[in-house]
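Beneath this line is the structure, given in structure tokens, with notes to follow.
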Amino acid sequence: MTAQEASGTYHPGMPTYLGMPAFPAAAAAAVADSQLRANLAHATRTIRAKRAAAVAELADWEELRAAGKTIKDHTLANLDHYLLRLEENVIAAGGHVHWAQDATDANAIVAGLVRAAGTDRVVKVKSMATQEIGLNEALAAEGIAVLETDLAELIVQLGHDLPSHILVPAIHKNRAEIREIFLREMPDAPEGLTDDPRALAAAARAHLRQAFLSAKVGISGANFAIAETGSLVVVESEGNGRMCVTLPETLISVVGIEKVLPSWRDLEVFLALLPRSSTAERMNPYTSIWTGVMPGDGPEEFHLVLVDNGRTAALADRTGRQALRCIRCSACLNVCPVYERTGGHAYGSPYPGPIGAIISPQLRGVGSPADASLPFASTLCGACYQVCPVAINIPEALVHLRAKVVDAKREKIISPERTMFHVSGRVLASPRLLAAAQRGASLSGRLVARSGRIRRLPRPLSAWTDTRDAPAPPRESFRAWWARTRGTR
Ligand code: SF4
């Protein structure tokens, strides 16, 4: 059961993640699940160690990281220019470009394209942008069935679950649980299927093969979009992505506007940074690159749907915008002590972990309990910043977003803390009120003190005395002593 279901806020058919409870409530359910914590601890520990070894092989890792940051910052500062260049070159290569302001726009565009292709069934490559906009649910509402073809996404889909990791969406499941899901939900699962990873992968491969060969429409995201030539790039490990972007007659790629890179030279940097940070590989097993359409080779129609969905607003925030540099490697999740204990569902967003804590509240605003709680879902230990291949200062962005959340609440909420500081400010600004307060505190303090210590105070001051004693105020304040001994105030 997902945290969303546990909270009673999930309804079948609703866009994923909407109505999630705040992080503390969702996390409480997750940390109580010892199997989940064991699965996560094992998986993140393994990936962490492998990534560290892969990164240590490159003597110029820090220079690469700085280059990645610089390229992304330059692109974001000139995003309008590079997006228009990308559009121009995609169209020149025979593709079509659609602009979607938000999730509703993007989903309607994709649904229209699928219907125009004359089918009600699509194969899909794992894509964070399509999860963000709730594409699968939107297409299902239009009577269009989506088959996820990435192994982990397929596990999540068959298990009626939600992804919990950017790169390893089924990280919260162990292989015995996966075997059960396959036997229960996959009609063509072989009898006697074991939980051996090879057997599970072979069962999934056989299940997907026919769908690849018969699908008329494939849907993908893209890791990068090259403005210089209008080319799209998908990196992956299983080969399902290549099948999706080459076999169907129509290819629809749904891509966030921040994925654009100016040129091929820039791609070189990211193809070094991404695999080592994500799967701890020197290079990805499959890197698919396509430019428009080519008669007799690959899809006959190509549509690029460029999605804003809150990115322009994030770009306007000088501190928060660095989140748009993210290349979705998931290294920050694997080192985060909070993520390791709660898993991804508690974040109430397709983007879990440290990057989720800074990107979701920017894309969706801080109006919902889940989004307002995310910037606080961190110890600010800084491990995420250290491993990020594009040097996103996540702790800085978290603190910045915490201030935004507090500011948004400030006008609505009269908290005891705020009231106390307000009253204290008035008292400290007036010598007369301060002297009266000191006299009052001295008198009342002596009444409740025992042996010079106050052991229990009424609420809200009991928050202090619940865990420690408070010293009794002195009989005479410094100001009263000064006036008595020096004869002046
Ligand atoms: S924030 Fe950095 S480390 Fe985290 S997923 Fe994005 S690029 Fe990777």
Side-chain angles (χ1 to χ4, degrees), residues 43-44 47-48 50-52 54-55 58 61-62 64-73 75-76 126-129 131-132 152 163-169 171 221-224 233 235-236 255-256 258-261 266-267 269-281 284 311 314-315 317 319-340 342-344 347 349-363 374-375 377-401:
T44 52
I47 306 174
R48 263 200 312 268
K50 285 187 175 173
R51 177 212 156 266
V55 165
L58 293 186
W61 180 255
E62 286 307 320
L64 268 173
R65 204 173 165 236
K69 173 180 184 291
T70 304
I71 293 166
K72 279 284 184 178
D73 279 346
T75 313
L76 290 170
K126 170 177 156 38
S127 141
M128 297 307 298
Q131 279 175 29
E132 175 193 319
S164 65
H165 190 278
I166 290 176
L167 194 72
V168 197
I171 195 170
N223 295 93
F224 308 102
V233 183
V235 296
E236 39 122 9
V255 181
E258 82 284 17
K259 296 288 178 183
V260 65
L261 291 179
D266 302 317
L267 182 64
V269 172
F270 293 97
L271 289 185
L273 287 171
L274 181 54
R276 287 178 194 265
S277 299
S278 55
T279 49
E281 289 166 309
N284 288 92
R311 286 161 174 77
L315 193 58
D317 184 320
T319 305
R321 72 170 61 147
Q322 56 185 315
L324 297 176
R325 293 205 295 264
C326 177
I327 54 173
R328 314 279 189 258
C329 72
S330 77
C332 57
L333 278 63
N334 302 327
V335 296
C336 177
V338 176
Y339 176 86
E340 184 177 329
T342 65
Y347 290 80
S349 153
Y351 302 107
I355 181 59
I358 62 170
I359 194 88
S360 303
Q362 294 197 77
L363 296 181
L374 287 177
S378 168
T379 62
L380 300 181
C381 70
C384 47
Y385 181 24
Q386 280 181 351
V387 297
C388 178
V390 283
I392 298 174
N393 190 337
I394 295 176
E396 179 191 44
L398 284 167
V399 172
H400 172 70
L401 290 167

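Basis for what follows: all heavy atoms, side chains included, without hydrogens, waters or symmetry-related copies. As the structure lists them, so they are numbered: ligands from 1, and atoms in each ligand from 1.
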(message) As a check for students: among S277, S278, C332, identify the option with a heavy atom nearest to atom 3 (S) of ligand 1.
(response) C332
(message) Which residue and atom name correspond to the protein heavy atom nearest atom 8 (Fe) of ligand 1, and how close is it?
(response) C329 SG, 2.3 Å
(request) Just need the protein heavy atom nearest to atom 6 (Fe) of ligand 1, so name the residue and atom and give the distance. (result) C326 SG, 2.3 Å
(message) Between R65 (side chain only) and V390 (backbone N and O only), is there a donor and an acceptor less than 3.5 Å apart?
(response) no
(message) Among all the protein's non-hydrogen atoms, which is closest to atom 7 (S) of ligand 1, and how far away is it?
(response) I327 N, 3.4 Å
(message) I'd like to check I392 versus I358 (side-chain heavy atoms, cut-off strictly below 4.5 Å). Are they in contact?
(response) yes
(request) Quick one: sort the H165 and Y339 rings into parallel, tilted or perpendicular, breaks at 30° and 60°. (result) perpendicular
(request) Do me a favour and list the nearest non-hydrogen protein atom to atom 5 (S) of ligand 1 with residue, atom name and distance? (result) S330 N, 3.2 Å
(request) Would you mind reporting whether W61 and L273 have side-chain heavy atoms less than 4.5 Å apart? (result) yes
(request) Please could you name the atoms of ligand 1 that P389 approaches to less than 4.0 Å, counting only its heavy atoms? (result) 2 (Fe), 3 (S), 7 (S), 8 (Fe)
(message) Salt bridge or not between E340 and R48? Use side-chain N to carboxylate O under 4.0 Å.
(response) yes
(request) Enumerate the atoms of ligand 1 whose separation from the nearest heavy atom of I392 is less than 4.0 angstrom. (result) 1 (S)
(message) Please list the nearest protein heavy atom to atom 2 (Fe) of ligand 1 with its residue and the distance rounded to 0.1 Å.
(response) C388 SG, 2.4 Å
(message) Measuring from atom CE of M128 to atom CD1 of I166, what distance do you get when rounded to the nearest 0.5 angstrom?
(response) 5.0 Å
